[in-house]
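This report concerns only the one structure given below.
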Number of protein chains: 4
Amino acid sequence: MATAPNIDRERGLSDELADQIFEAAMRVFAERGFARAKVEEVAEAAGLARATIYYHFRTKRDLYVFLLQRGIEQMAVHVETEVAGIEDGREAVERLVAAHVDFFDRYQAFTQVVLLETWRIDPEADITPERILAPDLAVVGQVLQKARNEGVVKKLDSGVLVSSFFGLVAAAAIYFASYRTEFPHARMKKALVEIFLHGVLREAD
Amino acid sequence: MATAPNIDRERGLSDELADQIFEAAMRVFAERGFARAKVEEVAEAAGLARATIYYHFRTKRDLYVFLLQRGIEQMAVHVETEVAGIEDGREAVERLVAAHVDFFDRYQAFTQVVLLETWRIDPEADITPERILAPDLAVVGQVLQKARNEGVVKKLDSGVLVSSFFGLVAAAAIYFASYRTEFPHARMKKALVEIFLHGVLREAD
Amino acid sequence: MATAPNIDRERGLSDELADQIFEAAMRVFAERGFARAKVEEVAEAAGLARATIYYHFRTKRDLYVFLLQRGIEQMAVHVETEVAGIEDGREAVERLVAAHVDFFDRYQAFTQVVLLETWRIDPEADITPERILAPDLAVVGQVLQKARNEGVVKKLDSGVLVSSFFGLVAAAAIYFASYRTEFPHARMKKALVEIFLHGVLREAD
Amino acid sequence: MATAPNIDRERGLSDELADQIFEAAMRVFAERGFARAKVEEVAEAAGLARATIYYHFRTKRDLYVFLLQRGIEQMAVHVETEVAGIEDGREAVERLVAAHVDFFDRYQAFTQVVLLETWRIDPEADITPERILAPDLAVVGQVLQKARNEGVVKKLDSGVLVSSFFGLVAAAAIYFASYRTEFPHARMKKALVEIFLHGVLREAD
DNA sequence: GATGAATGAGTTTTCATTCAT
DNA sequence: AATGAATGAAAACTCATTCAT
């Protein structure tokens with residue numbers, strides 16, 4: 001896991017350069033969205049000439065996919081590390097929420113890119129959100145599935161479970177990223193765990 | 001409420017034509033996203049000449065804002081009608097979820113536009129998601145606030161509450177819209193209500 | 001004949017504008033060849049903005065095909081007029097040569113475009129020289145065929161006959177166009193007729 | 001003769017490598033024409049890296065000139081060998097046609113390059129077709145001149161004679177190369193000799 | 001000698017927008 | 001009110017060429 005093929009890394013793009021471009025692309029795509037972002041901007045942000053980007057990536061889209069894959073890979077690694085070795089299903093779910101909130105909070109730019117842009121890159125091609133998010137979805141699905149099998153989590157449709165999980169976490173991330181509220185990270189994390197696990201109703205306690 | 005200013009309706013755009021353009025814009029913007037959508041495409045879809053669109057709307061962006069405002073207005077009306085007159089806070093929250101799921105399900109195209117594009121139209125301008133979603137957020141906030149005050153809902157930060165609500169509902173909408181799963185609408189609605197109210201844990205029951 | 005479909009004339013390109021663009025394209029493509037010619041240059045030569053060319057022609061290649069088709073059409077008309085009504089096979093062939101030399105001489109720019117560029121536009125597509133030259137080839141083939149049937153012309157393979165005819169006439173056109181020799185038009189015409197009809201050997205007389 | 005200066009052979013390009021590049025360039029330039037051909041393609045076809053081509057040739061144009069010169073050199077040698085030692089003027093002319101047809105037929109790719117591209121390489125520079133074709137033109141001119149002086153060939157302008165000769169032979173070459181007709185080589189050769197020497201009219205016999 | 005990497009200088013094409021009718 | 005025609009301003013992508021290794 002977390003060792004995806006990285007189809008895009010053409011012509012022996014060195015790790016260093018890959019990082020450089022990754023960072024630059026992240027910043028630019030997050031701020032402007034795929035369509036409004038200019039390759040020139042990414043190049044500039046990476047301290048390279050525009051043509052150099054094209055030397056390493058056939059198209060703007062390829063660059064974008066590279067960004068997504070690499071980011072999700074890192075996210076999956078982060079999350080997996082967090083939930084690794086936890087036996088208790090309930091705690092695993094808690095950690096799952098927490099790990100996502102942490103990651104989304106730390107990489108707000110990337111989060112926006114992934115959550116808002118992935119849906120429209122190229123529906124007809126094989127670059128669906130499902131596929132892009134696959135590494136993380138694998139971890140999330142696994143944890144939730146296990147918890148469900150253990151009877152810790154309700155017998156809900158697994159699609160609904162996963163989408164709810166993502167919706168909750170992502171919405172908060174985007175919401176707070178957009179409004180840069182001073183709302184403390186810790187309290188947000190706690191609140192989301194609470195809602196996901198127990199719902200909003202008071203009597204549920 | 002539901003009687004927004006409609007700054008855009010220039011030069012006596014007839015209701016009929018407004019509908020025509022609204023539908024066309026919805027389809028096109030949903031399918032391609034704001035940036036990739038062409039004014040020409042909207043015109044064509046509306047059976048009009050490109051210049052005619054410009055006769056009624058100063059810019060592409062104005063057309064887009066018109067679409068959003070009109071759509072959200074309708075959504076707010078729909079939701080408000082659904083929760084109107086319900087005294088019981090808990091039931092109101094249930095209906096709130098249900099009403100959104102229904103609306104999102106019926107207007108999938110519009111949902112995609114609102115939920116994925118709003119965030120990036122024009123950050124520096126006054127067209128923030130907050131403002132665009134205002135009519136609906138007002139209703140949602142009201143219902144949740146009331147329920148919280150009544151002690152039905154937990155004392156969570158209201159921003160978190162609202163974002164959670166939206167995240168849950170919206171994610172499901174997009175998720176199912178994208179994959180056109182055969183998952184029955186009714187069951188999805190029920191599941192989301194369940195999760196939002198009681199969480200995913202089984203022991204909560 | 002000489003009333004081809006003109007598939008390219010999109011969006012009601014007026015006759016006047018068509019002429020304008022035709023002339024401009026001719027000059028530019030002749031001087032620089034297809035690949036080196038810039039659409040910008042054609043636009044400028046036509047007194048239009050570059051985008052205006054693109055308003056009327058989808059691509060540079062389309063513009064080029066328009067140029068070829070229109071030119072050949074005119075050539076076929078010219079030639080056909082010259083040989084029309086001539087009963088004597090031998091005289092018809094003479095006139096055929098003369099008409100081509102005249103046309104090629106008058107429209108040297110166009111001649112270069114047709115004879116040097118056509119072969120490589122798009123081999124795999126349906127824009128072969130054969131098809132482009134069709135209107136003229138039809139006339140040439142007809143005249144030669146008739147003369148052959150009448151026993152005026154030798155029983156040579158018709159492909160060889162046509163290609164020889166073209167080769168002779170075209171080579172002279174390009175040769176003299178390139179070197180702008182002071183060689184008198186009339187003498188060249190006579191010489192080519194002589195060679196085509198009787199060959200270069202003296203004893204043949 | 002046939003021992004041109006070869007200005008291009010820089011940095012001790014070995015014969016083997018020269019051949020390798022010659023073949024590759026021939027194929028690529030023939031297929032795509034000068035402007036559309038990429039140096040990269042030639043390199044690839046030669047099994048070399050792009051920069052290696054630039055190690056041996058200052059520019060793409062230099063590479064092209066190298067190709068032309070080397071090819072024409074070979075052609076001139078071939079033709080000269082064929083007509084060498086022939087006393088009879090008429091037979092020499094016959095052999096001249098035959099030798100060209102043979103060469104063009106065998107090296108169709110090169111033929112296309114020479115006959116279609118030479119005219120536009122660099123008109124303002126000294127790379128005119130006249131100069132490029134010089135080695136062969138020398139032989140052709142010599143043979144025709146001699147025949148004319150001997151009274152075997154008519155007293156036609158020598159430019160017309162040469163252009164007619166080339167036009168006839170080249171047109172057939174290109175024609176048959178393009179359409180890969182199954183027309184037998186031998187018959188074509190005979191027909192062209194016939195036309196060039198005696199013309200197309202039957203009564204001439 | 002050979003070449004991977006980098007880039008400057010274009011060029012085609014796209015589109016929102018304007019305007020005369 | 002409506003629209004065909006025209007265009008300015010981008011922006012993606014290409015490719016010959018250079019250069020450090």
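Just so we're on the same page: letters track the sequence lines, and every chain starts at 1.
Between the P atom of E:dA5 and the NE2 atom of A:His56 lies a distance of 7 Å, rounded to the nearest Å. As a whole-Å value, the separation of B:Leu48 CG from F:dT3 C1' is 10 Å. For D:Phe57 and E:dG1, the CZ to P distance is 14 Å, given to the nearest whole Å. Going from atom CD of C:Glu44 over to atom C1' of E:dT11 covers 15 Å, rounded to whole Å. One can place OH of A:Tyr55 at 13 Å from P of E:dT3, the figure rounded to the nearest angstrom. Atom CD in A:Gln20 sits roughly 13 Å away from atom C1' in E:dA6 (whole-Å rounding).
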* Can you give one letter per nucleotide of nucleotides 14-21 of chain F, going 5' to 3': B for a protein heavy atom under 4.0 Å from the base, S for sugar-phosphate only, - for none? -> BBBBBB--
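Annotation for D:Asp19 and D:Arg70: closest pair OD1-NH1, 2.5 Å, computed over non-hydrogen atoms. Contact record, D:Phe29 with D:Lys60: CE2-CE, 4.2 Å, taken as the closest heavy-atom pair. Shown here for C:Leu13 and C:Phe57, the closest heavy-atom pair between the two residues is CD2-CZ, 3.6 Å. Of all the heavy atoms in D:Thr59 and D:Tyr54, the pair that sits closest is CA-CE2, 4.2 Å. What you find for C:Leu68 and C:Ile132 is that their closest heavy atoms are CB-CG2, 3.9 Å.
A donor-acceptor pair is defined here as one N or O able to donate and one able to accept, closer than 3.5 Å; no such pair exists between the side chain of C:Lys38 and the backbone of C:Ala43.
Atom CD of C:Glu40 is separated from atom CG of C:Leu48 by 11.0 Å, given to the nearest 0.5 angstrom. Atom CD in C:Glu117 sits 12.0 Å away from atom CZ in C:Arg32 (nearest 0.5 Å).
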* To do: Fill in the dot-bracket string of DNA chain E, one character per base: . for unpaired, | for a pair to another strand, ( ) or [ ] for pairs within the strand, taking Watson-Crick or G-U pairs under 3.5 Å.
  => .||||||||||||||||||||
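Across F:dG4, E:dA6, F:dA6, the shortest atom-to-atom separation from the side chain of B:Ala49 is found for F:dG4.
Using a 4.0 Å heavy-atom criterion, one finds that B:Ile53 contacts no nucleic acid atom at all.
The residue from A:Leu63, A:Leu67, A:Val39, A:Val42 that alone fulfils the side-chain contact (heavy atoms from CB on, under 4.5 Å) condition with A:Val28 is A:Val42.
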